[in-house]
Novice: 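One structure, pasted below without further comment.
This one's a predicted model, so the numbers in the text were calculated from it and none came from an experiment. Chain letters run A, B, ... following the sequence lines, proteins first and then strands; every chain starts at 1.
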Protein chains: 2
Amino acid sequence: MTDAFQLDTKAWKLLEAVQADGRAPLKTLAEAAGLSIAATAERLRRLQEAGVIRGVHADVDPAKVGLPVQALIGITTAQPHKQALLKVLRARTEVLECHHVTGADSYMMHIAVADMAALESFLGDINRWGETRTAIVMSTPIFRRGLRRQ
Amino acid sequence: MTDAFQLDTKAWKLLEAVQADGRAPLKTLAEAAGLSIAATAERLRRLQEAGVIRGVHADVDPAKVGLPVQALIGITTAQPHKQALLKVLRARTEVLECHHVTGADSYMMHIAVADMAALESFLGDINRWGETRTAIVMSTPIFRRGLRRQ
DNA sequence: AATGAAAACCCTTGCTG
DNA sequence: CAGCAAGGGTTTTCATT
């Protein structure tokens with residue numbers, strides 16, 4: 001189900017190229033991978049079908065659209081409340097990402113909000129479901145790095 | 001410098017469309033935004049120039065390329081060691097993302113590794129720079145959700 | 001800023017080696 | 001998988017508003 005896909009050098013070069021620029025024309029990706037255009041199109045199609053490439057998405061800067069404050073929030077919730085909490089989190093546009101994790105926290109999430117008042121309000125709302133721990137993001141020195149061949 | 005960009009309804013529709021499918025043809029994006037193809041291309045160009053769109057990237061599933069174990073790691077480091085630690089983290093392909101945060105932790109990072117042995121080895125290496133706290137990611141119920149109009 | 005139309009470029013398909 | 005060619009789409013450019 002979640003098995004690793006067999007990737008040769010050309011597949012890795014192709015993945016690196018399409019991670020770097022998802023809108024690059026096939027011609028450019030083909031040159032990067034050392035493949036013909038037709039072979040590149042076919043490989044891309046298969047990588048997507050296999051789920052190696054989950055999608056291609058524009059990355060929008062939260063700060064540029066009015067959400068300059070980011071935070072990482074952990075929340076400890078009792079098992080019976082997990083589903084209700086998740087439903088609430090899914091409904092809140094502030095939540096960029098949320099992981100179900102081992103340890104003291106049940107969930108760790110990454111949020112972006114307009115200002116400290118919005119953060120306070122968000123925390124007030126979710127505190128109903130458990131105790132939270134919040135770390136404000138000051139900067140992001142390593143940002144969503146593409147996967148490379150080990 | 002990091003000022004919010006003025007976005008009208010059509011710009012938001014365009015952003016939503018290109019976040020949903022970064023490789024969609026201009027024709028499709030244009031229909032989603034209610035613009036002509038030429039106007040769509042021009043707006044996309046300006047959104048990228050302004051940094052609202054930071055890039056368009058293929059999203060590769062770590063599990064499918066041999067990195068099925070993910071973890072969120074916090075590390076507490078004394079100020080004089082921060083630069084050295086960051087240099088190490090940048091050099092390690094395991095690190096997907098790393099935030100400089102407020103609170104007890106200096107950095108919070110998201111990593112993907114091949115197995116528990118690789119996680120143990122990674123932690124052993126960075127423990128030289130400070131105390132770490134590790135949460136294993138069991139699942140990711142909310143994954144890199146695109147930004148929507150508030 | 002937006003439009004429509006022309007020109008340039010790109011992608012797909014089918015074929016051969 | 002490469003190369004080629006034909007065709008149909010797509011993107012870019014540009015004159016116009």
Novice: Given dG4(C), dA1(C), dT12(D), identify the nucleotide with an atom nearest to the side chain of A38(B).
Specialist: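 From the listed options, dG4(C) comes nearest.
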
Novice: What is the nucleic acid contact for A39(A), judged by heavy atoms within less than 4.0 Å: base, sugar-phosphate only, or nothing?
Specialist: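 Result for A39(A) = sugar-phosphate.
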
Novice: dA2(D), dC11(C), dT11(D): which one has an atom nearest the side-chain heavy atoms of P25(B)?
Specialist: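 Ranking dA2(D), dC11(C), dT11(D) by closest atom to the P25(B) side chain puts dT11(D) first.
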
Novice: Once you apply a heavy-atom cut-off of 4.0 Å, does R45(B) come out as touching a base, just sugar-phosphate, or nothing?
Specialist: nothing

Novice: Within the 3.5 Å criterion, strictly below it, is a donor on T93(B) or R145(A) matched to an acceptor on the partner's side chain?
Specialist: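 Their side chains do not contain a donor-acceptor pair, so the 3.5 Å distance test is not met.
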
Novice: Using a heavy-atom cut-off of under 4.0 Å over every strand shown, decide if L35(A) touches base, sugar-phosphate, or nothing.
Specialist: sugar-phosphate

Novice: E42(B) CD to dT13(D) P: how many Å, rounded?
Specialist: 10 Å

Novice: Return the nearest nucleotide to the side chain of S36(A); candidates are dT12(C), dA2(D), dC1(D).
Specialist: dA2(D)

Novice: Separation of R23(B) atom CZ from dT10(D) atom C1', in whole Å?
Specialist: 12 Å

Novice: With a non-hydrogen cut-off below 4.0 angstrom, is R46(B) in contact with a base, only sugar-phosphate, or nothing?
Specialist: sugar-phosphate

Novice: I want to verify a distance call: between dT11(D), dT13(C), dC11(C), whose nearest atom is closest to the L26(B) side chain?
Specialist: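 So the side chain of L26(B) is nearest to dT11(D).
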
Novice: Is G34(B) touching bases, backbone alone, or none of the nucleic acid, heavy atoms closer than 4.0 Å?
Specialist: nothing

Novice: Between dC1(D), dT10(D), dA2(C), which nucleotide gets closest to the side-chain atoms of R43(A)?
Specialist: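 Side chain of R43(A) sits closest to dC1(D).
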
